[in-house]
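As a basis for the values below, the full set of heavy atoms in this structure was taken, side chains included, without hydrogen atoms, waters or symmetry mates. Naming convention: chains lettered A, B, ... in sequence-line order (proteins, then strands); numbering from 1 in each chain.
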Amino acid sequence: MPETPDQTPDFPTHFDFATAESALTKAWDENGIFRARPERTKALGGTRESFTVLIPPPNVTAVLHVGHGLNNTVQDVLIRWRRMAGDEALWLPGTDHAGIATQNVVEKIIAKEGKTRFDLGREAFVKRTEQFVEETGGVILHQLKSIGASADFSRTAYTLTPELSLAVREAFVRLWEKDLVYRGHRVIHWCPRCLTSLSDEEAEFHDSEGALHYVRYALADDPSQGITIATTRPETILADVAIAVHPDDERYAALVGKQVLLPLTGIKMPVIADDYVEKDFGTGALKITPAHDANDFEVGKRHKLEMPVVIDPSGKMGEVVNAAGRVPAEFMGLDRFDARKKIVKALEASGALVKIEKHANSIRRCYRCDTVVEPRLSDQWFVRMAPLAAPALEAVKDGTVRLLPEKWEKVYINWLDGIRDWNISRQLWWGHRVPVFTCELGHALAYREDPSVCAHAAGGSPCGAKIVSQDPDVLDTWFSSWLWPISTMGWPNENAKDLKAFFPSDVLVTAPEILFFWVARMIMSGYEFLGRAPFHTVYLHGTVRDMQHRKMSKSLGNGIDPLDVVERYGADALRWTLIQGMGLGVDVMLDPNDLDKSFAPGRNFATKLWNIGRFLLIQVGEEPIGRFADSDASTLRLEDRWILGRLDAAIAECDAALGPARPTAANWPENERQSGMRLDAYAEAARRFVWNELADWYVEAVKPRLAQPGADRETARRVLVHVFDQGLRLLHPIMPFVTESLWQRLPAQASGQFLALAPWPQQRAAGADAGVAFDAVREAIDAIRGLRAEYGVQPGSPIKAFVSRGAASSAEMDALIASQALVSRLARCELSTDAAPSGAAAHAVLASKLELTLPLAGMVDLGKEKARLNAEVENLSKQLDALRGRLSNEKFTAKAPPAVVEAERAKEQEWAARVSQMQQKISELGS
RNA sequence: GGGCGAAUAGCUCAGUUGGUUAGAGCACCUGCCUUACACGCAGGGUGUCGGGGGUUCGAGUCCCUCUUCGCCCACCA
């Protein structure tokens with residue numbers, strides 16, 4: 001960095017973000033400006049709309065990664081925007097107890113002590129986990145503060161607090177009472193490592209390269225005959241109870257009803273016919289293993305087959321249930337994958353193995369530990385989803401809830417249409433215990449409070465028998481998450497202030513990965529328990545990826561630590577980079593190996609903004625400044641009116657990009673359904689105003705006025721401070737720290753005021769003078785600069801230009817004349833209204849139809865200039881021909897809208913004029 | 001297997017109901033320490049809008065088809 005001789009001591013050239021961030025975080029916190037007050041909402045007699053965002057609760061043991069950074073920055077941008085726009089804004093933070101995940105962490109810790117959870121026992125293990133959460137949990141919420149999150153931390157929620165646990169229990173009992181919870185005996189997904197069942201969503205598909213093993217089963221009464229099946233899981237052969245073929249399959253028709261011998265054990269079993277079998281797959285014959293495959297289970301039920309279990313909960317072979325004599329000693333106790341290898345060998349040795357083929361298939365893995373899930377026959381609690389899904393489906397179809405980007409609506413509808421029941425019980429210890437209690441007589445019921453006697457009412461009078469046990473399972477962690485929008489607001493107390501003031505919430509910001517896990521279920525719970533959707537907009541953002549488009553993850557080592565970025569470049573740089581790079585639902589690409597480059601946009605802009613402020617505040621000085629609103633419009637100069645017009649345009653663009661904060665009707669009207677939430681467009685509109693318009697043009701234009709005391713200086717100061725103030729407001733939701741720091745230094749800023757609470761900018765009334773004639777000045781400067789660069793005119797050397805009005809308006813001509821000094825400074829060009837001298841070395845350019853003629857004798861290569869003009873004439877003539885062809889086409893003039901035809905005609909005039917002008921120049925050059 | 005989406009500049013993406021010579025940011029190239037900022041200033045577009053066909057006065061935009069890629073779901077033994 002070059003030396004900067006005139007560093008102002010209290011105004012360095014670079015923003016000291018570290019100091020400012022900690023000071024502002026503290027000041028915002030101490031002044032309670034992120035605290036939402038229910039009594040100020042319309043619902044409770046106040047004047048404000050409520051605007052509520054609920055954090056997707058991170059795992060209580062999580063530490064901040066860049067995905068959280070993105071997710072929470074989006075939420076913060078929205079909440080800061082609405083807070084400034086006058087809503088009573090509530091961003092409700094909190095964490096999730098994360099059943100399996102947290103239990104896994106603690107199990108790992110005690111494993112280092114050589115213990116398992118069973119050594120500790122349930123009570124001690126839960127205590128140990130609570131203690132662990134108390135000591136290390138919630139770190140992520142503190143980390144969120146360092147990226148500027150303006151959440152209301154006084155309301156921090158946690159899914160395992162007594163209040164939220166009450167909601168969980170109430171929800172369970174209500175579903176129980178409506179017979180929407182039931183006990184199911186079926187094959188579910190089982191994680192042999194976590195030792196628990198999983199929901200369909202928690203057992204994730206992964207492609208794998210498997211093998212199809214063709215195994216021959218000999219007929220019992222004639223071993224020379226047999227039937228060959230194909231299986232990917234030869235180890236489950238030990239639990240086979242039948243061979244199934246399709247009823248219409250002629251190849252096997254004669255075998256149906258006969259007995260075959262199970263290889264290795266010689267157990268007899270029947271050949272059955274069932275529609276489920278596909279004739280064309282494999283050999284068309286299928287082994288049936290009801291306890292270890294969900295489909296086989298259904299077949300087994302239909303045919304009333306036995307259901308022997310040969311794999312124990314930890315994935316080891318054994319005669320677990322109904323399986324006496326099924327597992328030969330040599331396989332006993334082997335892990336299922338070791339057993340597979342050995343069994344294949346044994347099959348080969350016995351001659352039963354026909355062949356092995358490669359086979360691509362998908363296997364399910366535990367979403368928490370990646371272990372291959374084992375289908376397992378067991379008893380679990382299920383929620384009937386069809387009745388819950390119906391209103392949630394309707395809500396999206398009728399526009400009560402919109403999903404952005406739109407494509408997810410179709411995915412959502414497709415999933416809900418075929419929804420399956422939800423397994424909510426987990427064989428874990430960490431979580432909400434299933435509130436089902438059983439009495440001595442075996443009556444199992446759900447209770448709101450722990451009972452001492454049975455409430456089962458048989459013939460009118462309660463059973464009254466002693467309660468002997470509570471269901472040992474806990475509930476799926478998502479069973480508390482799905483209540484988040486209502487439980488955090490005080491439900492089941494329907495009179496809770498927060499519930500009245502802030503429910504339903506507004507925008508849910510999350511990743512598409514948990515659309516079914518969480519979002520869809522929240523919509524269901526909203527309808528089920530409060531009769532309405534819990535939010536009207538679901539914003540599904542993209543994923544942060546590396547340069548190879550890989551998701552950032554710990555295991556790949558390609559992650560970016562947001563706190564590292566904050567430390568290096570500041571929170572604003574992090575936030576800006578994420579937001580400006582993020583189209584709606586589009587992934588953000590960052591290079592973890594080059595943070596300098598990745599976060600340059602944010603770092604550069606924060607510094608630029610700081611320097612605009614630095615210059616402006618030093619120039620404007622400390623003296624009091626009049627309110628802009630009190631200004632006399634007649635004192636405004638052209639560039640003042642222009643920048644005010646640009647400000648209006650910027651406000652309009654930002655508002656349009658952000659869109660309506662809420663639907664203007666009960667449902668989203670068609671024209672609003674996909675509007676807004678374009679945060680990158682909003683960022684770009686605000687950036688362009690402050691950088692490319694305010695800094696690049698207005699500040700340059702106003703410099704001389706600031707140096708000369710007088711009324712005009714006051715006007716300039718006033719406008720300058722006003723537009724900068726407004727620009728800071730537009731940028732504050734994305735870059736809260738640098739904007740707040742600068743805003744508080746604005747002259748005559750009352751102390752104790754915060755930009756975070758300053759009103760969102762409003763456009764001036766329609767019809768306000770936008771100073772558009774200034775554009776002619778800018779175009780003239782651009783044109784002259786372009787010419788200078790093109791011909792390599794020495795940067796310092798001044799040139800002269802003769803201006804004539806051409807086809808421009810007199811206002812444009814006046815503007816240019818009045819801005820001579822500016823043109824001279826920025827383009828190093830003296831303007832003259834004298835008639836342009838005719839001569840060879842003159843070059844004409846147009847700016848808003850003003851004609852600028854620059855004599856460039858001695859500065860330009862005439863041959864090059866002539867060639868350039870010729871090329872341009874040729875190009876334009878071609879375009880002109882095409883245009884004339886179109887205009888002479890009767891179909892075009894007849895069918896195209898008149899406005900389009902009119903525009904094309906005007907264009908023709910202009911191009912023709914330009915062509916002839918250039919041709920004249922060419923002939924002059926030639927002479 | 002079912003559903004959905006994408007293909008536009010070197011990269012990431014805009015491009016509203018078809019209508020100026022297709023845009024932005026980043027990257028890149030050229031020239032500048034013009035005393036707010038070199039994390040800056042000025043200038044520069046580098047494109048058969050994936051291929052082919054069709055509708056239309058007019059197609060990046062609508063239709064068909066092919067190719068490639070991605071996402072969601074699924075009872076792919």
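- Judged by distance alone with a 3.5 Å cut-off, no donor-acceptor contact links the side chain of Lys608(A) to the base of rC39(B).
- The residue Trp576(A) sits apart from the nucleic acid: no heavy atom pair falls under 4.0 Å.
- The residue among Arg603(A) and His549(A) whose nearest nucleotide of RNA chain B is located toward the 5' end is His549(A).
- Side-chain proximity of Ser362(A) to rA74(B), rC57(B), rC39(B): nearest is rA74(B).
- Counting non-hydrogen atoms under 4.0 angstrom, Glu406(A) reaches nothing in the nucleic acid.
- Partner of Lys287(A) under the salt bridge (Lys or Arg N to Asp or Glu O under 4.0 Å) criterion, out of Asp296(A), Asp240(A), Asp293(A): Asp240(A) alone.
- Ala285(A) comes within contact range of at least one nucleobase, with a heavy-atom separation under 4.0 Å.
- If you check rA9(B) for Watson-Crick or wobble pairing at under 3.5 angstrom, you find it has no partner at all.
- Heavy atoms of Arg364(A) sit under 4.0 angstrom from primed sugar atoms or phosphate atoms, though from no base atom.
- Partner assigned to rU20(B) is none, using Watson-Crick or G-U wobble distances below 3.5 angstrom.
- The nearest whole Å value for the distance from the CE atom in Met385(A) to the C1' atom in rC73(B) is 15 Å.
- Of the candidate nucleotides rG43(B), rA74(B), rG19(B), rG19(B) has the atom nearest to the side chain of Val900(A).
- Counting any heavy atom pair closer than 4.0 Å across all strands shown, Asp296(A) reaches no nucleic acid atom.
- Within the nucleic acid shown, Asp696(A) comes within 4.0 Å of sugar-phosphate atoms alone, with no base atom in reach, counting heavy atoms only.
- Ring centers of His189(A) and Phe205(A): at least 6.0 Å apart, outside the cut-off.
- Comparing rA77(B), rC57(B), rU21(B) by their closest approach to the side chain of Trp911(A) singles out rU21(B).
- If you check every strand for non-hydrogen atoms under 4.0 Å, Ala695(A) touches a base.
- We find that NZ of Lys407(A) is positioned 13 Å from P of rC73(B), with the value rounded to whole Å.
- Listed nucleotides rA77(B), rA74(B), rG3(B) differ in distance to Thr231(A); the shortest reach to its side chain belongs to rA77(B).
- Between Phe11(A) atom CZ and rC37(B) atom P the separation is 12 Å, expressed in whole Å.
- Note on Gln580(A): only backbone sugar-phosphate atoms sit closer than 4.0 angstrom, heavy atoms only; bases stay farther off.
- Distance, Asp200(A) CG to rC73(B) P: 10 Å, rounded to whole Å.
- Side-chain polar atoms of Tyr367(A) and Glu204(A) form no donor-acceptor pair below 3.5 angstrom.
- With a cut-off of 3.5 Å on both Watson-Crick or G-U wobble distances, the partner of rC32(B) is given as rG40(B).
- If you check rC13(B), rC72(B), rA24(B) against the side chain of Val586(A), the one that comes closest is rC13(B).
- For Arg886(A), whose side chain is taken as the heavy atoms from C-beta onward, the closest listed nucleotide among rU21(B), rC73(B), rC76(B) is rU21(B).
- Of the candidates rC39(B), rA77(B), rA42(B), the closest approach to any side-chain atom of His14(A) belongs to rC39(B).
- Distances from the side chain of Trp408(A) to the nucleotides rC76(B), rA24(B), rC71(B) place rC71(B) closest.
- Counting non-hydrogen atoms under 4.0 angstrom, Lys907(A) reaches a base of the nucleic acid.
- Rounding to whole angstrom units, CG of residue Leu286(A) and P of rC76(B) are separated by 11 Å.
- Under the Watson-Crick and G-U wobble criteria, each requiring two contacts below 3.5 Å, nucleotide rU61(B) is left unpaired.
- At a threshold of 4.0 angstrom between heavy atoms, the contacts of Val588(A) with the nucleic acid are absent.
- Under the 3.5 Å distance criterion, with hydrogens and angles disregarded, no donor-acceptor pair is assigned to the side chains of Ser598(A) and Asp591(A).
- In this structure, Leu876(A) reaches the bases: a heavy-atom distance under 4.0 Å links it to at least one base atom across the strands shown.
- Residue Gly581(A) is the one, among Gly581(A) and Glu684(A), whose nearest nucleotide of RNA chain B lies closer to the 5' end (criterion: closest heavy atom).
- With rU20(B), rC39(B), rA77(B) as the choices, the nucleotide that has an atom nearest any side-chain atom of Asn604(A) turns out to be rC39(B).
- Checking the phosphate oxygens (OP1, OP2) of rG58(B), no side-chain nitrogen or oxygen of Lys895(A) falls inside 4.0 Å.
- As a whole-Å value, the separation of Leu822(A) CG from rU34(B) P is 19 Å.
- Side chains of Asn423(A) and Ser199(A): no donor on one and acceptor on the other come within 3.5 Å.
- Using a 4.0 Å heavy-atom criterion, one finds that Asn414(A) contacts the bases of the nucleic acid, with or without backbone contacts as well.
- If you take CD of Gln794(A) and P of rG31(B), they are 12 Å apart, rounded to a whole angstrom.
- Pro512(A) comes within 4.0 angstrom of nothing in the nucleic acid, heavy atoms only.
- For the residue pair His549(A)/Asp587(A), the side-chain donor-acceptor check at 3.5 Å is not satisfied.
- The residues Glu910(A) and Lys907(A) are annotated as not salt-bridged, no charged nitrogen and carboxylate oxygen being separated by less than 4.0 angstrom.
- For the pair Arg302(A) and Tyr276(A), the NZ or CZ position fails the cation-pi test of under 6.0 Å to the six-membered ring centre and within 45 degrees of the ring normal.
- Checking rA77(B), rC37(B), rG19(B) against every side-chain atom of Thr232(A), the shortest atom distance belongs to rA77(B).
- Taking atom CE on Met582(A) and atom P on rU12(B), their separation rounds to 18 Å, with Å as the unit.
- Across all strands shown, Tyr569(A) has no heavy atoms under 4.0 Å from either base or sugar-phosphate atoms.
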